[in-house]
Amino acid sequence: MKERETFAENLLSWFDVNKREMPWRETKDPYKIWLSEVMLQQTQVNTVRSYYLKFIERFPTIETLAEADEDEVLKYWEGLGYYSRVRNFQSAVREVAETYGSVPDDGEQFLALKGVGPYTRGAVMSIAFNQPYPAVDGNVFRVFSRLDDDATDTAKPSARKHFENKVMQVIPERAGDFNEALMELGATVCTPRNPICMLCPVNMHCEAFEAGTVLERPVKIKKMTRKELRYKVMLIINDKGELLITQRPKTGLLGGMWQFPMFDEDMPMEDIEAVLDMKLMDKKEKFHTVTHGFTHLDWILDVYIARTTDQPGHDFQFIAENEKENYTFPVSMSKIFSHYQQVK
DNA sequence: GAAGCGTGGAC
DNA sequence: TGTCCAAGCTT
């Protein structure tokens with residue numbers, strides 16, 4: 001970085017004028033700052049806004065969230081993704097309520113809470129308590145790799161520490177504003193594909209700008225091979241027109257969410273009937289196929305419709321179509337549900 | 001260190 | 001269409 005002494009000052013002057021309105025910037029309530037940081041993990045600001053407002057309206061304090069039913073809390077996260085975030089967050093908030101009474105301003109205590117990693121600790125400690133912690137996210141990787149024309153592979157876990165050290169060399173007294181300013185710069189000016197270097201408030205500090213290597217930074221060496229998994233999904237309808245659903249395990253992929261019964265692609269219908277302990281009728285017709293991509297795998301869901309007059313076994317239940325809103329479904333299942341309602 | 005964990009938007 | 005990216009953490 002060139003002319004390091006004036007970097008923070010220039011960045012903060014820009015931030016004071018250009019920072020965008022965000023609901024969580026209207027408060028310094030550590031609980032609300034914390035919630036926003038959890039929602040913003042791997043998720044864009046525009047997506048988070050409406051979720052944040054609804055969540056805060058229903059769970060405005062640590063106490064209200066600590067006392068809430070877990071399935072209701074999950075419902076407020078429906079569609080936001082990475083659902084373990086909300087389970088960890090409520091668990092951590094309960095821990096805070098019981099052990100501390102309020103969000104601890106001790107970085108070590110805060111880091112020990114579920115779902116709190118180095119980034120979230122840095123963001124909450126600096127923004128809510130103005131403590132000099134780094135908050136290194138994807139934006140900071142990009143901004144600092146350009147400022148220093150640094151070719152460190154940001155896909156490696158060790159890169160985080162590397163960039164935290166860089167931040168600590170220039171962090172000013174206004175630590176929280178500085179961390180937010182770095183991220184704001186990365187999100188609006190120092191963007192991945194079309195950075196607006198001519199309007200950048202710190203381009204005079206930028207080695208990559210000088211060298212013409214801006215688009216080559218950051219270096220990120222990542223191989224992404226996505227598995228393809230095919231399943232049978234059963235839309236099972238009883239004589240009242242209700243649909244059979246079941247809840248996924250609390251942990252792992254889509255933990256705690258509801259779905260239509262789902263089986264390995266090559267499981268015979270006889271075996272499916274045995275698992276459900278149901279006799280199925282009209283079960284031969286494949287009625288729809290849905291594909292759904294995750295970060296690390298692709299689902300191909302062959303949807304079959306069947307009818308039954310039997311009662312649901314343990315772990316299964318029938319719901320009417322207008323009761324779907326009372327359960328939390330992943331997008332893939334909502335796709336199937338929407339299609340069923342359109343064509344039935 | 002590597003892999004698992006969602007979804008929507010940009011290009 | 002595919003690919004990457006987005007205020008990461010856990011195991």
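The analysis underlying the following values was restricted to heavy atoms, covering all of them including side chains, and did not include hydrogens, waters or symmetry mates. So that the names make sense, note that chain A is the first sequence line, chain B the second, and so on, each numbered from 1.
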Rounding to a whole Å, what distance do you find between Asp153(A):CG and dG1(B):P? 10 Å
Can you classify the ring geometry of His292(A) versus Phe294(A) as parallel (below 30°), tilted (30 to 60°) or perpendicular (above 60°)? perpendicular
What does Val38(A) touch in the nucleic acid at a heavy-atom separation under 4.0 angstrom: a base, only the sugar-phosphate, or nothing? nothing
Would you say dC5(B) has OP1 or OP2 under 4.0 Å from some side-chain N or O of His296(A)? yes
What's the closest nucleotide to the side chain of Gln44(A) if the choices are dG1(B), dG9(B), dA7(C)? dG9(B)
By the 4.0 Å heavy-atom rule, please label Leu254(A) as base, sugar-phosphate, or nothing. sugar-phosphate
Rounded distance (Å) that lies between atom P of dT7(B) and atom CG of Asn46(A): 19 Å
Verdict with reasoning, Arg230(A) to Asp302(A), per salt bridge (charged side-chain N to carboxylate O under 4.0 Å, His left out): CA-CA 7 Å; Arg230(A) 186 179 281 265; Asp302(A) 293 320; 2.8 Å; yes
Side-chain donor or acceptor of Thr43(A) under 3.5 Å from a matching atom on the base of dG6(B)? yes
Between Asp137(A) (CG) and dC5(C) (P), how many Å, whole number? 14 Å
Is there, by distance only and without an angle test, a donor paired with an acceptor across the side chain of Thr47(A) and the base of dG8(B) below 3.5 Å? no
Is Arg142(A) near enough to dA6(C) that one of its side-chain N or O atoms lies under 4.0 angstrom from OP1 or OP2? yes
Rounded distance (Å) that lies between atom P of dC11(B) and atom CZ of Arg193(A): 7 Å
Picking from dA7(C), dT7(B), dA10(B), which would you name as closest to the side chain of Pro330(A)? dT7(B)
Upstream residue (5' side of DNA chain C) when Leu113(A) and Met22(A) are each assigned their closest nucleotide: Met22(A)
Rounding to an integer number of angstrom, what distance separates dT11(C) and dG6(B) when you compare their P atoms? 14 Å
Looking at every strand, decide which applies to Gly293(A) at a 4.0 Å heavy-atom threshold: base, sugar-phosphate, or nothing. base
Between the main-chain N or O of Asp264(A) and the side-chain N or O of Lys232(A), is there a donor-acceptor pair closer than 3.5 Å? no
Using the C1' atoms only, state how far dG1(B) lies from dT10(C), rounded to an integer number of Å. 14 Å
Which value, in whole Å, describes the distance between the P atoms of nucleotides dA3(B) and dC4(C)? 16 Å
Looking across every strand, which nucleic acid part, if any, lies under 4.0 Å from Lys156(A) by heavy atom: base, sugar-phosphate, or nothing? nothing
Can you tell me which nucleotide in dA2(B), dT7(B), dC5(C) comes closest to the side chain of Pro192(A)? dC5(C)
Measuring only the C1' atom in each nucleotide, how far is dC5(B) from dA6(C)? A whole number of Å is fine. 15 Å
Gap in Å between the two P atoms, one belonging to dA7(C) and one to dG4(B), rounded: 24 Å
Between Arg20(A) and Arg226(A), which has a closest nucleotide on DNA chain C that is more 5'? Arg226(A)
Euclidean distance, atom CG of residue Leu215(A) to atom P of dC5(C) [Å, nearest integer]: 12 Å
Are the aromatic ring centres of His339(A) and Phe287(A) under 6.0 angstrom apart? yes
Out of Lys166(A), Arg217(A), Arg142(A), which one pairs with Asp150(A) under the salt bridge (Lys or Arg N to Asp or Glu O under 4.0 Å) rule? Lys166(A)
Could you go through Gln41(A) and Tyr119(A), starting from their C-alpha distance and side-chain angles, then the distance that decides it, and tell me whether this counts as side chain to side chain donor-acceptor pair (under 3.5 Å)? CA-CA 9 Å; Gln41(A) 288 168 15; Tyr119(A) 167 77; over 6 Å; no
Taking any heavy-atom pair under 4.0 Å as a contact, classify Arg248(A): base, sugar-phosphate, or nothing. nothing
Without decimals, in angstroms, what is the distance between Leu297(A) CG and dC5(B) C1'? 9 Å
Nearest-Å distance, NE2 (His292(A)) to P (dT7(B))? 4 Å
Please classify the nucleic acid contact of Thr120(A) as base, sugar-phosphate, or nothing, using heavy-atom distances under 4.0 Å. sugar-phosphate
DNA chain B nearest-nucleotide lookup for Lys227(A) and Lys335(A): closer to the 5′ end is Lys227(A)
Confirm from the modelled atom types if Tyr82(A) and dG6(B) form a donor-acceptor pair under 3.5 Å, side chain to base only. yes
For dG8(C), does OP1 or OP2 lie under 4.0 Å from any side-chain N or O of Gln42(A)? yes
In whole angstroms, how far is the C1' atom of dT10(C) from the NZ atom of Lys250(A)? 19 Å
Quick check on DNA chain B: between Ser158(A) and Gly81(A), whose nearest nucleotide comes earlier from the 5' end? Ser158(A)
Can you see whether Phe318(A) has Lys240(A) sitting over its ring - NZ or CZ less than 6.0 Å from the centre and within 45° of the normal? no
